[in-house]
Structure formats: C-alpha cells, structure tokens
Amino acid sequence: MELPKHYDSKEAEPKWQNYWVKEKIFAFDPDSDKKIFSVDTPPPTVSGKMHIGHAFMYSQMDFIARYKRMNGFNLFYPFGTDDNGLATERLIEKMKGVKGSKMDRSEFAKLCLDTLEKELRPEYLADWKRIGISCDWNIFYTTLDEHSQRISQRMFLDLVKQKRVERKFSPITFCPVCQTAIAQVEMEDVEKTTELVYVKGKVETGEFIIYATTRPELHPSCVGVSIDEAGDYVSVGLENGEKWIISKDACETMQEEFGFKVLETYKGKKIVGKKVDIAFAPLPVPITHDISVKTEYGTGVVYYCTYGGLDCVEWMARHTDVEAINIMDFTGRYCVGPYKGMHSDEARKGAVEDLEKQNFLVKKESMDHTSNVHERCGTPIEYVATEQWFIKYLDLKKDFLKRGNELKWYPAHMKNRYDNWIKGLQWDWCISRQRFSGIPFPVWYDKEGTPIFADEKDLPVDPLKDLPKGYKKGEVVGEKDVIDTWATSSLTPQLAAELFKDKPVFKKLLPMDLRPQAHDIITFWLFNTVVRSHLHDNRLPWKDVMISGWALDPRGKKMSKSKGDVVEPQKVIEQYSADGLRFWSAASKLGDDLAYQEKDLVTGEKFITKLWNASKFALMHLEDYSGKKPKQLEAVDAWILSRMSSIVKSATASFEKYEYSKARAELDVFFWHDFCDQYLEIVKDRLYNPDVRGKAERESAQYALYETLLAVLKLMAPIMPHITEEIYHLFFASKEKCKSIHISSWPTLDMVDAKSDALGALAVFAVTQARKAKTEKNLSLKEPIVSLALKGKVSKKDFETIKDDIMAATKAEEIVYDVLDSKSEIDYESDVQI
RNA sequence: GGGCCCAUGGUUUAGCGGCUAUAACGUCGCCCUUACAAGGCGAAUGUCACCGGUUCAAUUCCGGUUGGGCCCACCA
C-alpha cells in the first residue's frame, strides 16, 4: 500500500468531521446495555466567536471523552449553549438594532431564540465542531428555550415547597443615571481620588467617637457604628476639653496633628453597647462589634449606612436586628433626610458643609481608591434596596463542604478554592434579576401582595401574559423580575438528562460522571450546581470534576483585546490544524495555565508529519501481512512490543487520572525515538531483504510493526483524532472491521518483558555508538564499519539474537561481543573501527 | 488584606528523596540514509530562585524570603 506523499489536514479534518456525523460515530445509544459515561459539558455563551481559552479547555475535555468511548463506554456527551445571559442579550440588541427593555418580554425572548437559532448558533457551533469536539450534537439544549424554562421554573417551585426560597428586601446595584439595575459584569473599576472625611459622633458618655468616611452624604441613613472588640482603643483629651475615642493605631498617626493626650487605653469591648448620636441620623445607634473592623484602618471605627456599599450590605446581614433606612430610591435621588431629592455628588457637598458648620467635622484628607462605576456611562453605582428572591442556604455550609469532600477533584488542590469560597459565604443566594429578558419567575401577586405560585402542570408560564388558575385579569400582578442566569445554568445536568425523561435510560444519567470546566468558575458555576443538586436531589451532580487552566498570552499573562495579543483559534486551525491545536492543548498539565507559544503548534505539525511518514513506511511493508502472530518473535521485535506495552500501561493509567499531558509526553518520546529513530532503522533490513534475512524474520517484524503502530495511533487518537482516523482508515479499519478508530477498542498490549528490554537497550546502544563514530568523522551513516567491539551484560547466546539486526543497522562487517562482569559499574562498552 | 498555584539551560517544560537532572524549540557542526531535508546524527548550554532545617543523602520533604500568576475581598 502506498500512501499519498503528504497529509493534507485542511482536506482531511472536515472530511472526517462529516464522516463522524454521517456515521453517527458519537451518537449516544439510549437503548444500549453498555456502561454509560456522562459528561456535563459546560454550555458556553453564544456571544461571538469561540476563543482560544474555550478551544484549550474543551479540547482537554474531549481527550477524556474520546478515551472513555474507546474504553467501551456509551457516551452521554451533550452540548448546550447558555443563551440566558446579558452578553447574548446585548449582542442581539446590537445586531437587530432593538432595545429589549422597550419590547414585550416574550417577543424579545422569541427574537433572541430565533436569532440564535438561525444566525448565531450555527456559526458558533461550527467552531466547536471544527476543533473536533466529539459531542453528540443531537443532544442539545439552550438555557433559554421552553424545555429549560420548564425545568428552571419547576426547580424554583420545588425550592418554594421546601421553604428554601424567600422574598426579602435587599439592595441591588443600580445606576442612578441610566436608572437601571446593573449586574456585576456591567461594572468596571475606576481609580480615583476622593475626599476622606473624619467625623465626630457624640457618645452617651459625653465623649466623641471618631470615624472616617468617603460617603458623608449617607449620614441620614446611618444605622450603626462598629469597632473591633478585641482591638486596642484609647480615650484622648484635646486642648479644648473634648475627649475622643479612636483606635490605638489611629492615635499614633493622629497625635502629632491634633496634639492630644492619651487618657486611657482599653479593649474595644469596653465601649460596646454605648449609644452614639450621629449627625442627621434619626436615632442614636449603639456601638457594636463587627468582624470586618480592623483597628489599623482609619480610626478603627466604621459607620454603616443603608446602603453605602457591599460592606454595609454584609454588615446588615450580620446585624439582623437592625432595620435599614433606605436612603435612595429608583429615581437615583435620596428620598430621606436633608438631602432629599439630590443626587450623590450634590448631597456630598452639602453634607461636608453641614458637618463643618455644625462642628462634626474633624478633618479632611484626599485618598485614592477604586470604585465601581457603570461601564456604559461611567457613573458610580449606588445601592438601592428592593424586594428580591433568595435561595436560603447559609445554614447548609457544612453540607456543601461535605459534598466538596465527596467530589473527586482533578487536580486535587482545586478543592481549596471551593472550600475557601464556602467558608467566606455571608449572603444567601439572590436569584432575581431586574432584567427584561430571561426565564420569568412563575409567580404572581394578589392585591395584598401575597405571592401566588404557578401550578407545575402549566409550566412554563410567563406571568406577564398568563394568569394563574382561578384568577381573572386585574386580580393579580405578574412578577416582572427574571431568574438569574446562574440559577438556570446550575441545572445543566438536569437540562441535559431530561431530554431523555421518557426513556428508561433517564435513571442512569444522573448523577453524571464528569464535569469539565476551567478554574475561574469554581466558585459560582461549580458551586451553584452542587448546591442545586444537593437541594433538589440530595446528591452530587457529578462524581468527578476536571479543572482546566487558562490559555495565556506568550508572556504568561491574560490575553486581552486591548493589548491586541488575542490569539484566535480559527486562525490557528487555518494555519496549522485542529489536531495541532489539540496537541498544544495537551501540552499543559491539567489545571495548569499554558502560555501560547507558536512553536508548540509547529511541534504538533511536525508530529503529524512524522506520524504520516512512519505510517507510510509501515503500511508499505504490511501489504502482505498475514495478521498472524509469528511462532518465533525476533528479540528486537519483542523489545519494541515490550516498550510499547509499558507505554500503553502508563498512558492508560494517566488517562484514568485525567493526566492526558503525561500520556501525550510519554507517547511522543516513545514514538519519535524508540519507534522511529531506533526500531524502524534497525528493522528496515529485515523488512526489505527477506531473501537474505529470512521470511519468518520478516513476518516477525510485520507483526511488531502492525501491533505497535496500531497502538500508537489508538493512544494518540483522543488527542489527534483526525490524522489517526485517516491512517486507521487507510489500512487498519478493514483489518479490524471497525468504522472508526474512535469506537475501536483501547489497546491492551501486554508484552512487557525485562529480558527483551535489556537486549533492545544493548542494540540501541550499539547503533548509537556506531552513528556517533561516523558523525565524529563526518562520514555518512551508510559508511561501513570494519569492526565493532561490544560489551554488555547479556549472555553471548542472547546476544546472537540481536547480532544480525545490529550488523545491518550499523553496516558493521564484523561484531565481537564480550560479556561484562555483572558487578561492573558500566552497562555497556564499545569500540568502533571504521 | 485572605486563599491557591508556580519558580529547573536563551524559551517552554519532565522529574518530586539516591543513576552523568528530562524532552522540545532555538544555537552550532555533520549527513541525500530504498518513510520523512517539513528529515536524520551528534555537540554545547543548568550553583534545579534565595536562606535555613530534617536526612547518610534534598531539584525533590519542612519553615522562611524574594519574584510571578490567578481567584476572592477591597476598605472606613
């Protein structure tokens, strides 16, 4: 058999991708008895093109999927897209020139679904197909369609039944200029200089407690003052007779400026409970202890307003007996106190002036800090309290930690991030969003404002259009808020599995076997999914999680559009190949970030070329291969089969632990050096010249060649699915009677043999020494060797079994072999006479 | 500030108690060798970040320092 001179990945890759679809190679068989391996593929957001990070992570996921498939598993390997988020919404608004908020909700949702289905998704998915992801593309879901809406709403109702959801007042981030609620992704950090003002609060003892703030305009909503009960505080006396309370740390920095005398030092605990009159606040507030207070910041005293920022929100969560004074409403203006009707800037000026006039101001200083602004208009965000839906789960932290321990983490250290996150959790999970599109809450309110929940049978519902059973128009008001996208995408195992709800196989799909994902979303996506599965089904969503790293720019930093160093996978594939891209993705250890280096793609391409050429050589000599195992295996053939067997064993072990990179590296070295450089060169003579070397000797080589090349192809198939399929089809497919290497059986070669290893190593040594001698004399490798003296630790009798092969490979005219003492420090010795 | 990861020839990396520290890219020299010049053979290049400790023995284990990366919190 003669292979074409070159392998053309541009032609071959799409060809095989089409073949796999046409032949249903990756189709899940719901009726099969084979063991299922299920993958909870994280659905990417359709917000443009697939980026290199996606290509990196999804390739790594696919290595495992393909490995499992070859190990006889019936793969449940769905693909979904997360179309529920803001990014998609924005993209469609831009494309269609519409404003979602000005449209009817269900009309906008329909527009989104249509645009996604007809225009965006096919092109987007083509990128995934082009890197050779072996999902069953018929098992597809979108987090926005009826199927997902029904499940998401049903799960919400399930939580209602369990009394795990509640509606309560809570602040949301809000842009006072755009007058809209904004999500975290819409905010950006801005570094700016602000004025930090130090203010006096009158304590019931007659002393003043000093606190610093950048938001003095919030004074009318001050609800508390906190200190650190374990920290050191001091009372100091000023010349004018005033006594101030500040932390000991603050005292040291302020003493010079104010020239006060320290009267008393004590622990913060001493002043806890004392009442303080705060300027413009309606009521005196007690001094409390709070864990967030550090004596080394400011004056070691913090005042909390509702709401000045996330710190205030968290403080409120810890001080549940305190009632909030909501100082701002959705007009973006203050609604209580002396600055009623004003925006923040105006109010701040007024507040500083008033504090100064009324002698509450201690000092002003400027400071730099980062604050959150709305990325669209640059306005600093505000916090406005409104009613929100929450999933109550803070009481379950221990259970979540336990679930984390039950989960098998690859790599193991990634669990730390999960644990760390849970330990720091202070809020319940707010699942409502004041956005115009998304999955609606299945909730209405009656005239008293009591929620009415939809009947599960009627799902999905849109409460802005539909009515609850037994109510007429005008009797109820539908919930306008939508369910947060994470509250739906935390249900991906259910979204995928329920596509088979009516089949018996459904029971076997959950929990899933594997969740692959990158490390940046452990704290929300992974965690949220564990939470939902725990709450709804009292079990883990999956058995294993495989955490990928990130693709970084060539200097090891995050790629960014503004720096212009974004690598587009589409271009990489264009220039190199999908197999090359995947080979690169397999270069980093699971969980490790990988800096993009173009040379790695070149290495992959070279591997492809080498594999092609080596196969060309092998298949040329296998044309007349009988397929039978020879009675007598030549020593060098036994050696390569032994080495191959070792590689099969360790590569298999590596894949089992999701360590595809180790498998790749080992196979790479074996294939290139042991197989191509050494074995093929040694065995060449026997293959070409059976008349001289013997027919049986050639058949032995054919057997080794067949088995080894096939094993190499199969081990490499998960990582480079196209080139391996191409070669497989040129020869092996018909022999093995199998439609695709990807559903062929994983190699189980079990021919490890220590004696063969020793003989092979000696042969390799001899060949290497001969090459070295010729190279040193600047001679061609074809140059004959007059005499080759060789010493080793194998017996003379055993040496005879490799002697002819060595003579042929080195072009030695004579070989003299001696046995070294078994205690000798060196293993081999040689003397080459040319 | 809290947490996690990382530090090995010019670059990217393997090894994670004991061989002369692995390989690729790059560099240099040689070679058309019946698969491959998009190749082959060979060579040079490393106080394994720094300082201590444990050990007969440390690149490997422990503690600290420095430098990088990421996630979270951002601060009165």
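A, B, ... follow the sequence lines: proteins, then strands. Residue 1 opens every chain.
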Asks: A/H673 has a side chain; which of B/A24, B/U11, B/G40 sits nearest to it?
Replies: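 The nucleotide sitting nearest to the side chain is B/A24.
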Asks: Reckon A/W315 touches a base, only the sugar-phosphate, or nothing at all at heavy-atom distances under 4.0 Å?
Replies: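 The answer is nothing, as A/W315 stays clear of every strand by at least 4.0 Å.
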Asks: Could you check which nucleotide pairs with B/C41 in any of the strands shown, counting Watson-Crick or G-U wobble with both distances under 3.5 Å?
Replies: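 Per the H-bond distance test, B/G29.
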Asks: So what does A/V602 hit on the nucleic acid, given a heavy-atom distance under 4.0 Å: a base, only sugar-phosphate, or nothing?
Replies: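 Since no nucleic acid heavy atom lies under 4.0 Å of A/V602, the category is nothing.
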Asks: Determine the interatomic distance between P on B/A24 and the same-named atom on B/G42; round to the nearest Å.
Replies: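 Per the computed distance, 11 Å lies between those P atoms.
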Asks: Want to settle it: does A/G298 or A/T523 sit nearer the 5' end of RNA chain B, counting the closest nucleotide to each?
Replies: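 With A/G298 and A/T523 compared, the 5'-side residue is A/T523.
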Asks: B/U8 and B/A23: how far apart are their C1' atoms, nearest whole angstrom?
Replies: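 The answer is 13 Å between these two C1' atoms.
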Asks: Taking pairing as Watson-Crick or G-U wobble with both contacts under 3.5 Å, can you name the mate of B/A73, or confirm there isn't one?
Replies: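 Base partner found: none.
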Asks: Output the rounded distance in Å from CG (A/L779) to P (B/C31).
Replies: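 Computing the A/L779:CG to B/C31:P distance gives 9 Å.
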Asks: What's the gap between B/U22 and B/C5 when it is taken at their P atoms, as a whole Å value?
Replies: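 Looking at atom P only, B/U22 and B/C5 are 28 Å apart.
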Asks: Please measure how far the P atom in B/U59 lies from the corresponding atom in B/C75, and state the result in whole Å.
Replies: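 Their P atoms lie roughly 45 Å apart.
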Asks: Taking the six-membered ring for Trp, are A/F524 and A/W421 ring centroids under 6.0 Å apart?
Replies: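 No, they do not, as the ring centres are separated by 6.0 Å or more.
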Asks: Taking the side chain of A/K589 as its heavy atoms from C-beta onward, which of B/C25, B/C16, B/C71 lies nearest to it?
Replies: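 Nucleotide nearest to A/K589's side chain: B/C16.
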Asks: Which nucleotide, B/G40, B/C4, B/C72, lies nearest any side-chain atom of A/W672?
Replies: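 Among the listed nucleotides, the one closest to the side chain of A/W672 is B/G40.
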Asks: Looking at A/Y198, is A/K363 sitting on its ring face, NZ or CZ under 6.0 Å from the six-membered ring centre and within 45 degrees of the normal?
Replies: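 The answer is yes; both the distance and angle limits are met.
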Asks: The side chain of A/D677 lies closest to which of these nucleotides: B/G40, B/A38, B/G42?
Replies: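 Side chain of A/D677 sits closest to B/G40.
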Asks: In terms of side-chain heavy atoms of A/K662, which of B/A43, B/G15, B/C5 is nearest?
Replies: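 Nearest to the side chain of A/K662 among the choices is B/G15.
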Asks: May I ask you to say what A/A665 touches in the nucleic acid, namely base, sugar-phosphate or nothing, with a heavy-atom cut-off under 4.0 Å?
Replies: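 Contact class for A/A665: none.
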Asks: From the options B/G42, B/C36, B/C25, select the nucleotide whose nearest atom is closest to the side chain of A/T768.
Replies: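 Nearest listed nucleotide: B/G42.
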Asks: For the side chain of A/K610, starting at C-beta, report the closest nucleotide among B/C36, B/A24, B/A14.
Replies: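 Shortest atom-to-atom distance from the side chain points to B/C36.
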Asks: Heavy atoms from C-beta onward define the side chain here; which of B/G39, B/C72, B/A43 lies closest to that of A/K606?
Replies: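 So the side chain of A/K606 is nearest to B/G39.
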Asks: Quantified in whole Å, what is the P atom distance between nucleotide B/A14 and nucleotide B/C6?
Replies: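 Result for the P pair: 10 Å, nearest Å.
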Asks: Looking at A/F583, I'd like to know if the NZ or CZ of A/R664 sits under 6.0 Å from its six-membered ring centre while staying within 45 degrees of the ring's axis.
Replies: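 Verdict for A/F583: a cation-pi partner in A/R664.
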Asks: Within this structure, what is the CG-to-P distance between A/L601 and B/U11, rounded to whole angstrom?
Replies: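 My rounded result for the distance is 21 Å.
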Asks: What interatomic distance, in whole Å, is found between C1' of B/G15 and the corresponding atom of B/A7?
Replies: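 Looking at atom C1' only, B/A7 and B/G15 are 15 Å apart.
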Asks: Other residues, nucleotides and ligands only: do more than 12 of their heavy atoms fall within 6.0 Å of NZ on A/K248?
Replies: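 No, the 6.0 Å shell around NZ holds no more than 12 heavy atoms from other groups.
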Asks: With respect to the side chain of A/K599, which nucleotide from B/G69, B/C25, B/C41 is positioned closest?
Replies: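 The answer is B/C25, which lies nearest to the side chain.
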Asks: Roughly how far apart, to the nearest Å, are B/U12 and B/G26 at atom C1'?
Replies: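 The same atom, C1', in both gives a distance of 11 Å.
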Asks: Give the rounded distance in Å between these two atoms: CZ of A/F670 and P of B/A23.
Replies: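 Distance check: A/F670 CZ to B/A23 P gives 16 Å.
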Asks: Please state the C1' separation for the pair B/G18 and B/U55 - nearest whole angstrom.
Replies: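 Rounded to whole Å, the distance is 12 Å.
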Asks: Looking only at the side chain of A/V669 (C-beta and beyond, no hydrogens), which of the listed nucleotides B/A23, B/G3, B/U11 gets closest?
Replies: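 Shortest atom-to-atom distance from the side chain points to B/A23.
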Asks: Got a second to check how far A/Q597's CD is from A/L594's CG, nearest 0.5 Å?
Replies: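 A/Q597 atom CD to A/L594 atom CG measures 8.0 Å (nearest 0.5 Å).
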Asks: Students often get this wrong, so: under 4.0 angstrom with heavy atoms, is A/L196 touching a base, only sugar-phosphate, or nothing?
Replies: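 The answer is sugar-phosphate, as A/L196 gets under 4.0 Å only of primed atoms, P, OP1 or OP2.
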Asks: Whole Å only: how far is the CD atom of A/Q769 from the C1' atom of B/C41?
Replies: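 Distance, rounded to whole Å: 13 Å.
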Asks: If we ignore hydrogens and angles and just use 3.5 Å, is the side chain of A/E659 paired with the main-chain N or O of A/L590 as donor and acceptor?
Replies: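 Side chain of A/E659 to backbone of A/L590, a donor-acceptor pair under 3.5 Å: no, none is there.
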Asks: Over all strands shown, is A/T299 touching base, sugar-phosphate only, or nothing at heavy-atom distances under 4.0 angstrom?
Replies: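 No contact.
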Asks: Can a salt bridge be assigned to the pair A/D637 and A/R686 using a cut-off of 4.0 Å between side-chain N and carboxylate O?
Replies: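 Salt bridge: yes.
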Asks: In whole angstrom, what separates A/N778's CG from B/G42's C1'?
Replies: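 Roughly 10 Å, once rounded to whole Å.
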Asks: Centroid-to-centroid, A/Y576 to A/W584, below 6.0 Å?
Replies: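 No, they do not, as the ring centres are separated by 6.0 Å or more.
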Asks: With a non-hydrogen cut-off below 4.0 angstrom, is A/E776 in contact with a base, only sugar-phosphate, or nothing?
Replies: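 No contact.
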Asks: Using Watson-Crick or G-U wobble geometry with both distances below 3.5 Å, tell me the partner of B/U66, or none.
Replies: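 Here B/U66 is engaged in a pair, and the nucleotide opposite it is B/A7.
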Asks: Could you give the CG-to-C1' distance, from A/N420 to B/A73, as a whole number of Å?
Replies: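 Answer to the nearest Å: 11 Å.
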Asks: With nearest nucleotides of RNA chain B determined for A/H6 and A/K777 from heavy-atom distances, which residue corresponds to the more 5′ nucleotide?
Replies: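 Final value for this comparison: A/K777.
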